[in-house]
Amino acid sequence: MEEPKIPEEKAARSLNFLEEIIEEDIRNGVNEGRVHTRFPPEPNGYLHIGHAKSICLNFGLARRYNGLTNLRFDDTNPVKEDVEYVDSIMADVRWLGFDWEDRLFYASDYFEQIYDYAMVLIRKEKAYVCDMTAEEMSETRGTPTRPGKESPFRTRSVEENIDLFNRMRQGEFPDGSRVLRAKIDMASPNMHMRDPVLYRILHAHHHRTGDQWCIYPMYDFAHGQSDSIEKITHSICTLEFEVHRPLYEWFIREIGIYAPRQIEFARLNVTYTVMSKRKLLELVQQGYVNGWDDPRMPTICGLRRRGFTPESIRNFAETIGVAKRDNVIDVSLLEFCIREDLNRKANRLMAVLDPVKVILDNYPDDQVEELESVSNPEDESKGKRKLPFSKTLFIERDDFMEDPPNKFFRLAPGREVRLKAAYIIRCESIVKDPATGKIEEIHCTYDPMTKSGMPDSNRKVKGTLHWVSEQQAVKVEVRLYDRLFVKENPDDLEEGKTYKDYLNPDSLKVVTALVEPEVRNAKVSEKYQFERIGYFTVDADSTPEKLVFNRVVPLKDSWGKGDKVTG
RNA sequence: UGACCCAUGGUGUAACGGCAGCACAAGAGAUUUUGGUUCUCUCGGUCCAGGUUCGAAUCCUGGUGGGUCAACCA
């Protein structure tokens, strides 16, 4: 995969608000003009397209301003985290084309340091051990409109707090019996400032620190300090952390350490899908999809398996821009980005998804001709491929109509069409199954003088069809994927419904297609355009006996709307 | 019923007090051995009310609408 690069029009393009802030900081000599970002996922799930936006932002900004980007796992909650997720996240970031070089970090690397920070606060009488239960704490926290009540343990002495906190670490107390809290302001209009929990007791095995700890810092007490430790200059995060910023700044100030600048942006939403980790997990666990990398999932691994390229996703991230207002991106923009990329990269193949037999009555019975067609009209360097042609062919069932409307450019009784890279044929008669009325055979005559390349082949005909020769056609499995939900915003619920009520029952259709023999050279993950149908990629489920193709996206179709395939 | 954030075509995103532009989508046409691609064109927008100013999408005030915040989650 090629390296991501700043678009050439970089200089011409106007700046987004993050770039403006960073450029102003550089101008003002903040951090000596240094730019250092980080991508800080929690390893408790798979990355999705929304994370891709954040990844592209963080790595893209650093690249643009000659800075660095760290990959840091915010692994402060051992009960939810796992190395499985660590591995998949690293693979996804790399696949997207980004490199954190030797700067792979974990918040758990800083546990000792963070513990020391807690001690600093205790000594300054800015933190205390609280023995209230979770319920009591919840009751005394107040509401956004009413102040909370101070904990009776708030006035413990520094000595007692140090002793208790140390004993928490030594494992003397059971889970949930005590916490360390910051002493800030129970009446603050910002709920996060109402003596938030800093440490909780959790006798849990951590994927990296093992059983070394039985107390773990809360995300809020680890995230900002981790950024500080790594000397991050610009901490880019999503909008919901805006209200946490005063708390992070309070910690940094009270502890007295380097202060990164946090900037929040609006998270990505895409039509016809859901983005929350909880819902994605539910779809996987309850079997609505076949795993995290199901090609219908908005996960990075799902998109990869679906056949999206890193370039197309990066370009998507660039195109959607970034701002602070809530947004829902039309999935058609994502589709545009992958078509644009695959149009110039994917070799063409003729594949018939819903075949109907065509017999050329005037073609020699046993003759097989070898024709040629360009592999990719957008890229001559891809050369040509061989195509066998014979008396009995298959075309797409809906490329024929017995009684067509005016604007139908394809085959119909008495009408002529071109067979791509072959001959012009005319429909003479049809044979139907007497019982069902289904068309079984379309009898045509071909014009030998119209072979591709011959002068007569330039004759004007309305339509050009794709086709395969019966004898040489290769059967493959084709998985036709469509949007996972039928509703633009599955979270916009009607009375008594859940987002799962809007699942698209036709999001996957499996058909057997007939493909030209060239398909035998197809390798897993390669992308092809099935001419006149769409872009497809070879799925890892393929075996030497049977290739499996996933439809990435259909071609734009200004004739039929939506799916051409009804099989 | 508090604090904070946000508001530009259908969807995104620009315009930094001086002609509201770009992309996707939608529609029309040209080209085409893919009803693809490419090219041309069209449709369509500053939430409302005041104020400041020669001039406001932009600054101020007040509304309205949307979002976020009350895990020992992140």
Side-chain angles (χ1 to χ4, degrees), chain A residues 13-16 20 40-42 44-45 74-77 79-81 130 132-134 137-138 141-148 175-181 188-194 196-202 215-216 218-220 222-223 238-246 264 266 271 277 319-337 339-340 343-344 348 350 373-374 377-378 407-410 417-422 424 450 452-453 457-459 461-466 488 529-535 554-560 564:
Chain A
R13 207 202 67 202
S14 55
L15 269 33
N16 65 46
E20 274 180 9
E42 183 193 16
N44 71 341
D74 275 340
D75 52 354
T76 54
N77 185 2
V79 305
K80 288 190 175 174
E81 294 151 10
C130 181
M132 289 200 293
T133 64
M137 226 181 283
S138 166
R141 191 168 7 243
T143 70
T145 53
R146 285 185 198 290
D175 287 4
S177 57
R178 294 178 214 267
V179 293
L180 183 72
R181 285 228 254 175
S188 172
N190 183 337
M191 298 291 291
H192 298 280
M193 301 299 271
R194 320 244 264 226
V197 172
L198 269 28
Y199 267 89
R200 74 286 216 190
I201 301 171
L202 229 45
I215 57 172
Y216 291 92
M218 298 292 290
Y219 171 85
D220 276 350
H223 181 79
T238 46
L239 247 31
E240 66 269 28
F241 292 103
E242 201 156 27
V243 280
H244 296 236
R245 180 158 28 100
E264 307 85 9
T271 55
K277 272 187 189 177
T319 307
I320 57 177
V322 60
K324 291 192 74 164
R325 77 183 94 128
D326 295 321
N327 62 89
V328 187
I329 307 291
D330 198 323
V331 72
S332 63
L333 181 62
L334 222 206
E335 294 174 346
F336 167 82
C337 290
R339 284 194 192 104
E340 180 187 49
N343 178 47
R344 40 176 244 270
R348 316 281 121 130
M350 290 204 276
S373 188
V374 293
E378 309 294 321
K407 299 268 282 183
F408 188 78
F409 299 157
R410 312 175 194 178
V417 293
R418 183 192 310 282
L419 293 180
K420 169 95 181 176
I424 293 175
T450 60
S452 270
S457 72
N458 291 328
R459 206 165 83 213
V461 286
K462 282 263 209 59
T464 299
L465 307 186
H466 61 280
E488 210 173 89
Q529 183 197 108
F530 290 174
E531 295 214 50
R532 300 211 304 135
I533 299 177
Y535 294 99
L555 249 32
K556 255 180 92 176
D557 185 1
S558 48
W559 165 246
K564 285 187 196 167

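Atom NZ in A:Lys556 sits roughly 13 Å away from atom P in B:rA23 (whole-Å rounding). Note: NZ (A:Lys420) to P (B:rG35) measures 9 Å, nearest angstrom. Taking atom CD of residue A:Glu242 and atom P of nucleotide B:rC5, one finds them 7 Å apart after rounding to whole Å. Atom CG in A:Asp557 sits about 9 Å away from atom C1' in B:rG36, given to the nearest Å. To the nearest angstrom, C1' of B:rU33 lies 9 Å from CD of A:Glu531. Residue A:Phe530 contributes atom CZ, which lies 17 Å from atom P of B:rG35 at whole-angstrom precision. Whole-Å rounding puts the A:Gln529 CD to B:rG36 P distance at 11 Å.
No engagement by A:Gly45 is indicated, since no non-hydrogen atom pair under 4.0 Å with the nucleic acid exists. Looking at heavy-atom distances under 4.0 Å, A:Glu335 makes no contact with the nucleic acid at all. At a threshold of 4.0 angstrom between heavy atoms, the contacts of A:Ser457 include nucleobase atoms, whether or not backbone atoms are also involved. A:Leu333 comes within 4.0 angstrom of the backbone, heavy atoms only, and of no base. Across all strands, A:Ala323 comes closer than 4.0 Å only to sugar-phosphate atoms, never to a base (heavy-atom distances).
For A:Arg325, a side-chain nitrogen or oxygen approaches OP1 or OP2 of B:rU13 to under 4.0 Å. Dashed line: the shortest gap from a side-chain N or O of A:Thr271 to OP1 or OP2 of B:rU11 is not under 4.0 Å. The side chain of A:Arg339 places no N or O atom within less than 4.0 Å of a non-bridging phosphate oxygen (OP1 or OP2) of B:rU37.
A donor-acceptor contact under 3.5 angstrom links the side chains of A:Ser332 and A:Asp330, judged on distance only.
Ring-plane geometry between A:Trp559 and A:Phe409 is classed as parallel, the angle between the planes falling under 30 degrees on a 0 to 90 degree scale with a further cut at 60. The aromatic rings of A:Tyr219 and A:Phe241 sit tilted relative to each other, their planes meeting at an angle between 30° and 60°.
The only option from A:Arg532, A:Glu531, A:Arg348 that meets the side chain to side chain donor-acceptor pair (under 3.5 Å) definition with A:His466 turns out to be A:Arg532.
Under a 3.5 Å cut-off, the side chain of A:Thr271 and the backbone N or O of A:Glu488 do not form any donor-acceptor pair.
Taking the charged nitrogens against the carboxylate oxygens, A:Glu335 and A:Lys556 have no contact shorter than 4.0 Å, which rules out a salt bridge. Ion pair A:Glu42/A:Lys80 not flagged as a salt bridge, since none of the NZ, NE, NH1 or NH2 atoms sits closer than 4.0 Å to an Asp/Glu carboxylate oxygen.
A donor and an acceptor atom sit less than 3.5 Å apart, one in the side chain of A:Glu378 and one in the base of B:rG36. Donor-acceptor pairing under 3.5 Å, judged by distance alone, is absent between the side chain of A:Thr464 and the base of B:rU34. Residue A:Arg410 places a side-chain atom within donor-acceptor reach of the base of B:rG35, judged by atom type and a 3.5 Å distance cut-off alone.
Between A:Ile201 and A:Ser177, some side-chain heavy-atom pair lies under the 4.5 Å cut-off. Within the 4.5 Å cutoff, no side-chain heavy atoms of A:Lys462 are placed close to those of A:Val417.
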>> What does the 5'-to-3' dot-bracket notation of RNA chain B look like when only Watson-Crick and G-U wobble pairs under 3.5 Å count, and pairs to other strands show as |?
In response: .((((((..((((....[..)))).(((((.......)))))....(((((..]....))))))))))).....
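Base orientation at B:rA71 is syn, since its O4'-C1' glycosidic dihedral falls within 90° of 0.
Taking A:Asn77 as the reference, nothing meets the side chain to side chain donor-acceptor pair (under 3.5 Å) condition, with sequence neighbours excluded.
Nearest heavy atoms, A:Glu378 versus A:Asn343: CG-O, 3.4 Å.
Checking B:rG67, B:rG35, B:rU37 against the side-chain heavy atoms of A:Asp326 singles out B:rG67 as nearest. For A:Asn327, taking side-chain heavy atoms from C-beta onward, the closest of the listed nucleotides B:rC6, B:rC24, B:rG12 is B:rG12.
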> With the sugar-phosphate defined as primed atoms, P, OP1 and OP2, and the base as all remaining atoms, what B/S/- string results for nucleotides 69-74 of chain B, 5' to 3', for protein heavy atoms under 4.0 Å?
Replying inline: SBSBSB
